[in-house]
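These notes concern the structure reproduced below.
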Amino acid sequence: MSEFSERMDTAVPGPPVGYLPYGDRKPYVVADTLAALKGPTRGVVSLPRHLDWSGRADYDLSRPSRLASMYKVVLSEAGTVQDLCTWLDGELLLEVWPTLWLPPQLRRRWEERFPGLAARTVAA
């Protein structure tokens with residue numbers, strides 16, 4: 001038996017006891033109300049580096065794909081409710097919600113707080 005096959009036969013240890021996946025440990029922020037989200041709705045938006053360090057932090061909100069990208073970044077990276085209120089708009093969030101690719105834990109937290117978002121996802 002080769003050394004490689006011997007290594008393949010040994011059991012690979014699982015995660016440590018009590019381990020939680022990253023998405024379950026990340027402190028996602030959720031707004032108190034959708035009405036409090038009064039961010040920009042048009043134009044080109046430049047997110048601050050603490051939200052978007054990708055090098056593509058300018059978002060033309062007239063382009064649906066860039067709007068969705070910005071909302072995903074802000075929802076995923078916001079550290080405070082103020083970040084959400086500054087950069088997201090409640091009505092636009094309702095519109096784009098079904099199209100957003102979000103971590104399941106983040107989506108669940110928002111949909112638990114705002115059942116109307118979950119209804120939009122089902123309807124789409």
Side-chain angles (χ1 to χ4, degrees):
M1 186 179 277
S2 73
E3 181 183 333
F4 177 76
S5 60
E6 285 179 26
R7 283 185 283 150
M8 293 302 294
D9 290 339
T10 46
V12 176
V17 174
Y19 171 81
L20 291 173
Y22 177 73
D24 292 334
R25 289 180 281 131
K26 182 161 174 41
Y28 294 115
V29 179
V30 179
D32 298 322
T33 69
L34 293 180
L37 304 177
K38 299 289 188 185
T41 59
R42 64 180 77 117
V44 176
V45 173
S46 297
L47 291 177
R49 191 160 296 280
H50 77 277
L51 291 175
D52 189 338
W53 55 89
S54 72
R56 295 193 65 210
D58 295 332
Y59 296 88
D60 181 349
L61 301 186
S62 69
R63 296 181 54 209
S65 64
R66 292 302 286 160
L67 172 68
S69 291
M70 184 187 110
Y71 272 57
K72 178 184 184 233
V73 166
V74 173
L75 288 163
S76 298
E77 300 301 329
T80 66
V81 171
Q82 187 59 47
D83 285 336
L84 300 170
C85 294
T86 300
W87 299 107
L88 302 179
D89 178 78
E91 290 181 26
L92 265 179
L93 180 62
L94 285 168
E95 287 179 35
V96 301
W97 186 258
T99 68
L100 296 177
W101 289 88
L102 299 170
Q105 300 89 342
L106 172 60
R107 182 173 291 280
R108 183 179 62 247
R109 289 177 191 166
W110 276 81
E111 290 180 351
E112 286 172 355
R113 173 84 48 92
F114 305 108
L117 293 174
R120 286 184 168 276
T121 300
V122 171

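These figures come from a predicted structure and were not determined experimentally.
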| request: Quick one: pull up CD in Glu112 and CG in Leu117 and give me the separation to the nearest 0.5 Å. | output: 12.0 Å
| Can you find a pair of side-chain heavy atoms, one from Asp52 and one from Val74, that are under 4.5 Å apart? | no
| Are Arg107 and Trp101 in a cation-pi contact, defined as NZ or CZ under 6.0 Å from the six-membered ring centre and within 45° of the axis? | no
| message | Whether the Trp53 and Glu77 side chains hold a donor-acceptor pair (N or O, under 3.5 Å, no angle test) is what I'd like checked. | response | no
| Do Leu34 and Leu88 pass the side chain to side chain contact (heavy atoms under 4.5 Å, CB included) test, and can you show the C-alpha distance, the side-chain angles, and the key distance before you say yes or no? | CA-CA 9 Å; Leu34 293 180; Leu88 302 179; over 6 Å; no
| task | Starting at OH of Tyr71, measure out to CG of Leu84 and round the result to the nearest 0.5 Å. | result | 10.5 Å
| Heavy-atom distance under 4.5 Å between the side chains of Trp87 and Pro48, does that happen here? | yes
| field | Side chain to side chain, Ser69 and Val73, heavy atoms closer than 4.5 Å | value | no
| Heavy-atom pair with the smallest gap, counting every atom of Leu47 and Met70 | CD1-CG, 3.8 Å
| task | Would you indicate whether the side-chain heavy atoms of Val45 and Asp58 approach each other to under 4.5 Å? | result | no
| Smallest separation among heavy atoms of Ala68 and Thr99, with atom names | CB-OG1, 4.5 Å
| Spacing of CG belonging to Leu67 relative to NZ belonging to Lys72, to within rounding of 0.5 Å | 14.0 Å
| Below 4.5 Å, heavy atoms only, C-beta onward: do Arg113 and Arg109 meet side chain to side chain? | no
| field | Flag side-chain contact, heavy atom, 4.5 Å: Phe114 against Val30 | value | yes
| request: Heavy atoms only: give me the nearest Ala35-Lys38 pair and the separation to one decimal. | output: O-CE, 3.0 Å
| query | Under 4.5 Å between any side-chain heavy atoms of Asp83 and Val29, yes or no? | reply | no
| So do the side chains of Asp89 and Leu37 get within less than 4.5 Å of each other, counting heavy atoms only? | no
| task | Run the numbers on Leu61 and Val44 for side chain to side chain contact (heavy atoms under 4.5 Å, CB included), then give the verdict. | result | CA-CA 6 Å; Leu61 301 186; Val44 176; over 6 Å; no
| Chi angles and distances behind the side chain to side chain contact (heavy atoms under 4.5 Å, CB included) call for Tyr28, Leu102 | CA-CA 11 Å; Tyr28 294 115; Leu102 299 170; over 6 Å; no
| query | So, for Ala31 and Val81, which heavy atoms are closest and what is the spacing to 0.1 Å? | reply | CA-CG1, 4.3 Å
